[in-house]
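Structure first, then comments.
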Amino acid sequence: AIGDPPLTRSVGLELADGSFSRHLQRGKTLPASFLIKYRTAKSLTPGSSEVLKIKLYEGEFPVAKHNRHIDTLEISGRDVDKALPEGSEIDVTVAIDQSRVPTIKVFLSRLDKQIRKPAQTKISDDPDPATLDSEFRREQERIAQIRTLCEDYGDRKLIEAIEVGCKEQLVDEIAREIAAAQGGDP
């Protein structure tokens with residue numbers, strides 16, 4: 001519909017290995033939602049302090065922590081009345097309304113239980129140029145540290161691989177985001 005706001009960044013979840021699984025692509029009009037089936041990475045025992053975390057992020061990087069963390073739905077042993085074994089199937093639904101407020105719902109099919117959490121943080125409508133610039137500088141420092149370590153080891157092939165990988169995956173994307181946030185052409 002005309003006037004429906006788009007997502008300025010992709011939205012998805014962090015997987016157990018720390019990677020970012022995109023489910024709503026940048027540019028998707030709001031409201032929007034997705035439902036995805038996952039398997040738990042660990043078990044929950046009733047009454048325990050163990051916690052399963054469903055972490056919602058927005059961004060374009062393949063590593064979740066390089067993106068903006070939106071919210072986390074936590075399911076603890078206090079939320080279940082029966083054991084939830086590792087590998088149990090769960091349905092995760094994320095809905096984002098036109099005001100950019102996400103809601104996370106998880107259905108634990110084995111326990112026939114739903115847990116719902118409206119997020120406390122809105123999805124970004126405009127990237128903050130100061131934050132993007134800070135992230136850009138942090139990544140540049142990280143790349144310099146990695147390069148120094150590789151030079152200390154004298155591994156030229158590794159240095160070249162890091163240069164190509166970092167440039168393609170992080171530095172260029174951050175530079176485009178900063179340019180877009182400052183009114184430039186992404």
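Quick caveat: nothing in here was measured; it's all calculated off a predicted structure.
Listed here is the closest heavy atom pair of Ala41 and Ala16: CB-CB, 3.8 Å. Pairing each heavy atom of Glu50 with each of Thr45, the nearest pair is OE1-N, 3.1 Å. Here the closest non-hydrogen pair linking Ser88 and Pro85 is OG-O, 2.6 Å. Scanning both residues, His23 and Leu13, for their nearest heavy atoms gives CD2-N, 4.1 Å.
No donor-acceptor pair closer than 3.5 Å links the side chain of Ser21 to the backbone N or O of Gly12. Looking only at distances, no side-chain donor or acceptor of Arg9 sits under 3.5 Å from a matching main-chain atom of Gly59. Judged by distance alone, the side chain of Lys113 and the main-chain N or O of Asp79 form a donor-acceptor pair under 3.5 Å. Put simply, the side chain of Ser99 never gets that close to the backbone of Val101: no donor and acceptor are under 3.5 Å apart. Side chain of Asn67 to main chain of Phe61: a donor-acceptor pair is present (N/O by atom type, distance under 3.5 Å, no hydrogens or angles). Between the side chain of Glu14 and the backbone N or O of Leu56, no donor-acceptor pair lies under 3.5 Å. At least one donor-acceptor pair closer than 3.5 Å links the side chain of Thr148 to the backbone N or O of Ala144.
Taking CG of Asp71 as the reference point, atom NZ of Lys53 lies at 12.0 Å (rounded to 0.5 Å). Rounded to the nearest 0.5 Å, atoms OG1 (Thr29) and CG (Leu7) are 8.5 Å apart. Taking CD from Glu58 and CZ from Phe20, the interatomic distance works out to 8.5 Å, rounded to the nearest 0.5 Å. Separation of atoms CD1 (Ile75) and CD1 (Ile90) is listed at 6.0 Å; rounding is to 0.5 Å. Rounded to the nearest 0.5 angstrom, Tyr57 OH and Lys65 NZ are separated by 9.5 Å. To the nearest 0.5 Å, the span separating NZ on Lys82 from CG on Leu108 amounts to 11.0 Å.
Just one residue in the list Gln114, Lys37, Glu89 forms a side-chain contact (heavy atoms from CB on, under 4.5 Å) with Ser109, and that residue is Glu89.
Using a 4.5 Å heavy-atom cutoff, the side chains of Leu30 and Asp97 are not in contact. Using a 4.5 Å heavy-atom threshold, the side chains of Thr8 and Arg26 count as separate. Side-chain contact check for Ser49 versus Arg78: some heavy-atom pair is nearer than 4.5 Å.
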Candidate pair Arg116 and Thr103, rule side chain to side chain contact (heavy atoms under 4.5 Å, CB included), full reasoning: CA-CA 7 Å; Arg116 181 179 187 269; Thr103 300; 3.8 Å; yes
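No more than 12 heavy atoms of other residues, nucleotides or ligands lie within 6.0 Å of CZ in Arg110, so this atom counts as exposed by the packing criterion.
The salt bridge (Lys or Arg N to Asp or Glu O under 4.0 Å) search around Lys157 returns none, not counting sequence neighbours.
When the side chains of ILVMFWY residues are joined at heavy-atom separations under 4.5 Å, either directly or via intervening members, Ile96 and Leu35 end up in two distinct hydrophobic clusters. In the hydrophobic cluster analysis, where Ile, Leu, Val, Met, Phe, Trp and Tyr join through side-chain heavy atoms closer than 4.5 angstrom, Ile54 is grouped apart from Phe107. Hydrophobic clustering (side-chain heavy atoms under 4.5 Å, transitive across Ile, Leu, Val, Met, Phe, Trp, Tyr) keeps Leu73 apart from Val51. Both Val11 and Ile36 sit in one connected hydrophobic cluster of ILVMFWY residues. Membership requires side-chain heavy atoms under 4.5 Å apart, directly or through other members. Under a hydrophobic-cluster definition in which Ile, Leu, Val, Met, Phe, Trp and Tyr are linked whenever side-chain heavy atoms come within less than 4.5 Å, directly or via other members, Leu24 and Tyr38 are assigned to the same cluster.
No side-chain N or O of Thr72 forms a donor-acceptor pair with one of Glu74 less than 3.5 Å apart. Judged by distance alone, the side chains of Asp4 and Gln98 do bring a donor and an acceptor atom under 3.5 Å apart.
At a threshold of 4.0 Å, the pair Glu86-Lys42 does not count as salt-bridged, since none of the basic side-chain nitrogens sits closer than that to a carboxylate oxygen.
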